[in-house]
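Before any comments, here is the structure.
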2 protein chains.
Amino acid sequence: MCEKCRENRERIVTGTSMQRATLAQIAETAGVSVSTVSKVLNGRDDVSRDTRAKVDSALRRHRYVRRGASLDPAVRTVDLVMSGLDGSWPASVASGMEAAAYEARVHVSIHVARSARSAPHAAGGTAGQDWVDRVLERGSEGVVLGLVEPASGQLARLRQADVPCVVIDPLSDPPPDVVSVGTTNWAGAYEATSHLLQRGHRRIALVTGPPDHLYARARTAGYHSAMAAAGLGPAPELIRNGTYDRASGAEQVRALLALPEPPTALFICSDHMAIGGYEAVSEAGLRVPEDISVVGFDDLPEARWVSPALTTVRQPLKEMGGSALRTLVRLLNGDELETPRIELATTLVVRDSTAPLR
Amino acid sequence: MCEKCRENRERIVTGTSMQRATLAQIAETAGVSVSTVSKVLNGRDDVSRDTRAKVDSALRRHRYVRRGASLDPAVRTVDLVMSGLDGSWPASVASGMEAAAYEARVHVSIHVARSARSAPHAAGGTAGQDWVDRVLERGSEGVVLGLVEPASGQLARLRQADVPCVVIDPLSDPPPDVVSVGTTNWAGAYEATSHLLQRGHRRIALVTGPPDHLYARARTAGYHSAMAAAGLGPAPELIRNGTYDRASGAEQVRALLALPEPPTALFICSDHMAIGGYEAVSEAGLRVPEDISVVGFDDLPEARWVSPALTTVRQPLKEMGGSALRTLVRLLNGDELETPRIELATTLVVRDSTAPLR
DNA sequence: CTGAAAGCGCTTACAG
DNA sequence: CTGAAAGCGCTTACAG
């Protein structure tokens, strides 16, 4: 380890900010000229393999960071900020985004948005660090947000730093200048409800999400529209709000099955809640789909793991990730967007959890 | 809009890369010196109100952005290279790694390892680009490989570039100088088999992975050891090799159930194969666990989605991701490792798919 | 291939 | 306050 690096390490330990290594230092370590180091950094091909290897090694030893890593438009880096990485939703979105990024020759960095309070370094002088700090510190050129609601202050800081942002599936109505990618929630719910109506069901219950969520409202509206088109008015006792998780689905379906006149079909606005619904149906001594039909929403892999396989409204999660990345690249290029709000089509995937009314 | 900006816009339209405005241009627009513009940018207070306003206005007109001003060389970036991002396995590993990276103040970039043949830019002068090229191009300081087998040439290139590498769950015996993180496959299989033996089962079938996989061999050995400890010799007809996916699990279990003397318990070396096994059991008109007990391996989230919930050997995937990251950081710091091969403990999670022999 | 030299964008100590 | 001048980090055209 070189003298300078040792100094740097001490600076880190003492909390002082670190000095950037200069090309001159790298050149000295590598035993070459500054010009040669510069050539390696800029990917020129008039450098021999051996020299390049020596310089690469010296750059890494010094932890050299290019100032304005974004100056080369060929290698851009963007951030994917998610509320968490566990589970099928983030995995699918990240997978679609990575594939699109590969095509576009863009690098993807991942972050989990943590609340400022839980930041482990809050005491060390970087108090209040949130995902915006991380993005700016990282020098990313753009951000895709997945299941993370940006606060207006956070959006303002990104805008000020000229870092564009695309939000996937915002929970609440975003400001008009925020670009978002979602799905046709209304149409998906309409199609799911119509599917049940076509199979003769009339008493169709809805388990939807929290009423303040943008897409829960759209799904509820789609259900109502399909019911109304079949001449069926609202039956408030058949409509319940869950919280998208399995336990909440079980709970809401238990309540529905306890009604004097229980439903014959359930449209449940998330696969996880629908799987919870399966439990409640089973507890009541009933079978899916013989006694009661169930339609979910999402088409996560788990819809195929359960038995019977779940009929559900497919959200194209990979395409959402891909679309968000491509939209972000257009923003980075300064291209005009046709619309700040992109909605991808849902499709109904019919499996084994729905049957005609007996 | 200034002349330069107009030029810039034209460059964008024509696909040429954009020129950043310089302080000299700002200075000219504002009618001041470059020094003064620099002072304003750096927040010095020896600038008059009027001059500052003129400069601010010019900066805005030129859309001047300081790029990479906050890049901190203490921030390190490492790559997570996976065979794919879909599914629970990569999601859990990535989640654990991200959490550890956050603690260590390391940024994580994600890549999917694609074969060189499928690279979309292969024709554009970057033929043969594989994940090693991407890692080096990106300037990452280290790599974690998940479900990706590094070829010896790839390892050599990383070594030459001084980029350390940690492999999670290698399929084949890695070279002795490659650091890897795995789980105690032998002990996990031993525990699973013992669990079935303790419940009175004697005719216990094994569905394991391809015989050339390192961890499949370890699991098979653990099964044999537990059987032998109970005084049971090998029964070759009860041992089958699958390919870890659901369909292969169903296929192998169908064959086992068709034996003249079928097993009363199945130890199936992946949750996905075990869920396929459920199908085969159901097709045969049998029930889990009343007629046949099933133990899986992995403890992916899907083990809890199926019914009955699957008894399985838990691999601590998040911890593996976290451990890989922490090990990589130690390598980056030049610390010595106690061992190049880290094995994390598995635990048996008993759920509803195992019952005493009737 | 390699590096000396010229030059660019930016910052800063200092003269006015 | 302001800006000329010196200087730093980096890039590049070019001589060898």
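In the text below, chain A, chain B and the rest are named by the order of the sequence lines, each starting its count at 1. The analysis underlying the following values was restricted to heavy atoms, covering all of them including side chains, and did not include hydrogens, waters or symmetry mates. Nothing here was measured: the structure is a model prediction, and the numbers come from that model.
Look at B:T36 and you won't find any side-chain N or O under 4.0 angstrom from OP1 or OP2 of D:dC1. Using a 4.0 Å cut-off, no side-chain N or O of A:S33 falls inside it from OP1 or OP2 of C:dT2.
Here the C1' atom of nucleotide D:dG9 and the CD1 atom of A:I26 are 12 Å apart, to the nearest Å. Rounded to a whole Å, the CZ atom of B:R52 is 10 Å from the P atom of D:dC1. In this structure, CD of B:E28 is placed 14 Å from P of D:dG3, rounded to the nearest angstrom. For A:L59 and D:dG9, the CG to C1' distance is 14 Å, given to the nearest whole Å. Rounded to a whole Å, the CZ atom of B:R44 is 14 Å from the C1' atom of D:dG3. In this entry the distance linking CG of B:L41 with P of C:dT11 reads 6 Å, nearest Å. Taking atom CG of residue B:D45 and atom C1' of nucleotide D:dC1, one finds them 11 Å apart after rounding to whole Å.
No N or O donor and acceptor, one from the side chain of B:S38 and one from the base of C:dT12, sit under 3.5 Å apart.
Scanning all heavy atoms of the two residues, the minimum distance from B:E338 to B:R330 falls at OE2-NH2, 3.2 Å.
Note on A:V37: nothing from the nucleic acid sits closer than 4.0 angstrom, heavy atoms only. Residue contacts shown for A:S48 are limited to sugar-phosphate atoms, with no base heavy atom under 4.0 Å away.
When the nucleotides C:dT11, C:dT2, D:dA4 are ranked by their closest atom to the side chain of A:D46, C:dT2 comes out on top. Nearest to the side chain of A:K39, among C:dT2, D:dA5, D:dT2, sits C:dT2. The side chain of A:L23 approaches D:dT11 more closely than any other nucleotide in the set D:dT11, D:dG3, C:dG3. For A:V34, taking side-chain heavy atoms from C-beta onward, the closest of the listed nucleotides C:dC10, D:dT11, D:dG3 is D:dT11.
For C:dG3, the paired nucleotide is D:dC14, the pair qualifying as Watson-Crick or G-U wobble because both relevant distances are below 3.5 Å.
Side-chain N/O atoms of A:E141 and A:T77 include no donor and acceptor closer than 3.5 Å. Looking only at atom types and distance, the side chain of B:T51 has a donor-acceptor partner in the side chain of B:S48 under 3.5 Å away. No side-chain donor from either of B:S35 and B:S38 sits under 3.5 Å from a side-chain acceptor of the other.
Listed for the B:E103 side chain is no donor-acceptor partner under 3.5 Å among the backbone atoms of B:A100.
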